Structure formats: structure tokens, C-alpha cells
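This report refers to the structure that appears directly beneath it.
Predicted model, so just to flag it, every value in this text is computed and none were measured. All ligand and atom numbering here is 1-based and tracks the order in the structure.
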Amino acid sequence: MRSAEIERFVGFLRDKRSVFVLTGAGISADSGIPTFRGQDGIWKNYQATDLATLSAFQRNPQIVWEWYHWRQSIILDAEPNEGHRALVHLEEYCPSFLILTQNVDGLQQKAGSKSVLELHGNIFRARCMDCGQTIHHELEPEIPKCVCGAMMRPDVVWFGEPVPTDVLQRSFAFIDSCDLVIVIGTSAVVQPAASLPVYGKNRGRQLVVVNREATPLSDLADLNLFGHAAEILSDIVRGLNG
Ligand code: NAD
Ligand code: ZN
């Protein structure tokens, strides 16, 4: 059953020149990095989805920074997995290729992918709440302070905040001329990321979804592969090389 789906996926890739990939926390789950939703998203009795907001930070910057430091330390201990590496191979295979990631962990770039856009920022950057200056930030115990004197926050996009317009525009423009959209390990409930595959589908792009479970995109997909991203994507690379 699975091998027939893998073959179909490989077939989709064989004759596609231009491929757009949207990734979410699920691709990094196989590296041991917790996702936001489900049991994995609970930290010291806080829901991850409640900590990743501006109001949580304004209420208690210390606890939010602690949570980010905890997440940074997990990411620093983690390595890219077979799923990340498979996307490096796909980038080499496809004439035109772009990954848009909702992840803030930088693991896709660490695996060696070149065409990666970050939609939700990067966990190893801090940004001034006042002047917007950004710095590299890694496991500092104190809340970082900008040279201008103001407090700095993690340079990530929190719930309710806008995503970078240029990244979104480049993604839509890429989908306008691509052949295939692949969505990997995202619950597809966070906007505007979740709307990109729908946009592609409305323009006649083929859609493949890789996830452990069903998501709002499952019914729209031309092909669903249920299971672990690392396993499925390495099967795909083997299939392409075989
Ligand atoms: P999410 O937690 O909402 O959903 C994760 C999805 O991945 C779920 O649909 C789940 O079924 C699937 N999944 C889990 N393990 C998988 C696996 N091994 N293989 C395939 N699929 C698997 O995450 P999201 O959709 O990315 O969106 C929420 C936000 O979470 C994003 O804004 C992102 O910035 C943030 N986030 C990032 C990281 C990271 O950088 N690694 C981690 C947690 C959350
Ligand atoms: Zn400043």
C-alpha cells in the first residue's frame, strides 16, 4: 500500500520542473524537537500556543524568554534528520525548488538546503522592541537589552502578528509558476501559511501532503502520505535514485 503511494509521489516528481515545499514543526519532530500542538506542546503546564504571543511576553517576558531558552537548548542538541536531508537531495534534483518553512530552528539550512525562506523568523535572533535592531542570541540567561536601552524579544512571528510581506510575496510568486506543491508536517491551521497550498491548488498545481495524521489539507490533496516525514522522504529519494 505504502510503496504504491511512494511510487506515485516519485512519479509526480519525475516530470515536475518546479517544486514548492511548505514545512512545519513535523519535519523537525524526527530530530526530537517538540511540535506546538498536542502533548508535545506542553511546557511547565503552559500551552506552547499560549506562550507564543505578544501579550504573554508583555505579561511575563522572563517566562517567555525561559521557554525560548529551553527550546534553543533542544535545537542546539538536535541534528537535521533524514527528512531534512531528503529535501537537500530534492533541491539538487529539481530544476527549480523553494522551501518555505514555518520552523524557526534553522535545521533545514543546517542540513544544506540553499533555497529556504523563513516565514516565522529564527529562534537564534533577538529583536529590539523599540528600534527593531536584531542580534544573534543564544542561551543568554538575562533578557537581552538593545544598545538603545530597550528590551529585546525573540525575532519570531507570534500568533496574531503579521508575517514578513516579502517572504509571503516571493512564495505566492513561486507558486504562480510551479508544478507541484509539497506540504510536510504542518497542522495547516496557522495562517497565512495554510492558505498557500490552497492558493496553489486553485491554480491547478498538484498537491502532496506528508503528515502523521489528517489535516484540513488532506481532502484537497492529490496524494496523502501518512507517517513520519523522515521515513517517507527518504523513501522518495531512494525511489528517485532507483
Ligand atoms: P504544529 O505543531 O501545529 O503541527 C505539527 C504537525 O506535524 C501536526 O500536523 C502533526 O501531525 C505533524 N507531525 C508531527 N510529527 C510528525 C512527523 N514525524 N512526520 C510528519 N508529520 C508530523 O506545527 P506547525 O504546523 O508548524 O505550526 C505551528 C507553529 O509552530 C509554526 O509557526 C512554527 O513556527 C512553530 N513551531 C516551530 C518549531 C520548530 O522550529 N521546529 C517547533 C514547534 C513549533
Ligand atoms: Zn533598540
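When the heavy-atom distances from atom 39 (C) of ligand 1 to D105, D30, T49, T101 are ranked, the shortest goes to D105. Atom 33 (C) of ligand 1 has its nearest heavy-atom neighbour, among Q102, E231, R37, in Q102. Taking all heavy atoms of G227, A29, S187 into account, the minimum distance to atom 20 (C) of ligand 1 is reached by G227.
Counting protein heavy atoms only, atom 21 (N) of ligand 1 is closest to R212 N, 3.4 Å. With hydrogens left out, the protein atom closest to atom 30 (O) of ligand 1 is F36 CD2, 3.3 Å, a heavy atom. From the protein, the heavy atom lying nearest to atom 7 (O) of ligand 1 is G185 O, 3.1 Å. Nearest non-hydrogen protein atom to atom 32 (O) of ligand 1 is H120 ND1, 2.5 Å. Nearest non-hydrogen protein atom to atom 19 (N) of ligand 1 is A229 N, 2.9 Å. For atom 12 (C) of ligand 1, the closest non-hydrogen atom on the protein side is N211 OD1, 3.3 Å. Closest to atom 25 (O) of ligand 1 among all protein heavy atoms lies T186 OG1, 2.7 Å. Nearest non-hydrogen protein atom to atom 22 (C) of ligand 1 is G26 CA, 3.5 Å.
Of the N or O atoms in V104, one or more lie within a sub-3.5 Å distance of an N or O in ligand 1. Looking at I33 next to ligand 1, no N or O pair under 3.5 Å apart turns up. Remark: ligand 1 and V190 share no N or O pair separated by less than 3.5 Å (distance only, no angle test). Between V210 and ligand 1, no pair of N/O atoms sits closer than 3.5 Å.
With sequence neighbours left out, the salt bridge (charged side-chain N to carboxylate O under 4.0 Å, His left out) criterion links D176 to R203. For E7, the salt bridge (charged side-chain N to carboxylate O under 4.0 Å, His left out) test picks out no residue, with sequence neighbours left out.
Under the salt bridge (Lys or Arg N to Asp or Glu O under 4.0 Å) criterion, no residue pair touches residues 87-97, with sequence neighbours excluded.
Residues F174 and V19 approach most closely at CE2-O, 3.4 Å, considering heavy atoms. The nearest pair of heavy atoms linking V156 to Y68 is CG2-OH, 3.4 Å. For the residue pair V88 and A111, the shortest heavy atom distance occurs at CG2-O, 3.6 Å.
Around the Zn ion (ligand 2), protein N, O or S atoms at a distance under 2.8 Å total 4; waters are neither shown nor counted.
A donor and an acceptor atom, one from each side chain of H136 and E138, are located under 3.5 Å apart. For the residue pair S113 and Q108, a side-chain donor N or O sits within less than 3.5 Å of a side-chain acceptor on the partner.
Using cut-offs of 30° and 60° on the angle between ring planes, the pair Y199 and F172 is perpendicular.
Ligand 1 lies within reach of P34, whose nearest heavy atom is under 4.0 Å from it.
Close approach to G24 involves these atoms of ligand 1, each under 4.0 Å from a residue heavy atom: 26 (O).
The number of heavy atoms from other shown groups lying within 6.0 Å of CG (D15) is above 12. More than 12 heavy-atom neighbours from other residues, nucleotides or ligands sit within 6.0 angstrom of NZ on K110. Other residues, nucleotides and ligands place more than 12 heavy atoms under 6.0 Å from the CD atom of Q191.
Aromatic ring centroids of Y46 and W67 lie 6.0 Å or more apart.
Exactly one of Q58, M129, H137 qualifies for a side chain to side chain contact (heavy atoms under 4.5 Å, CB included) with R153. That residue is M129.
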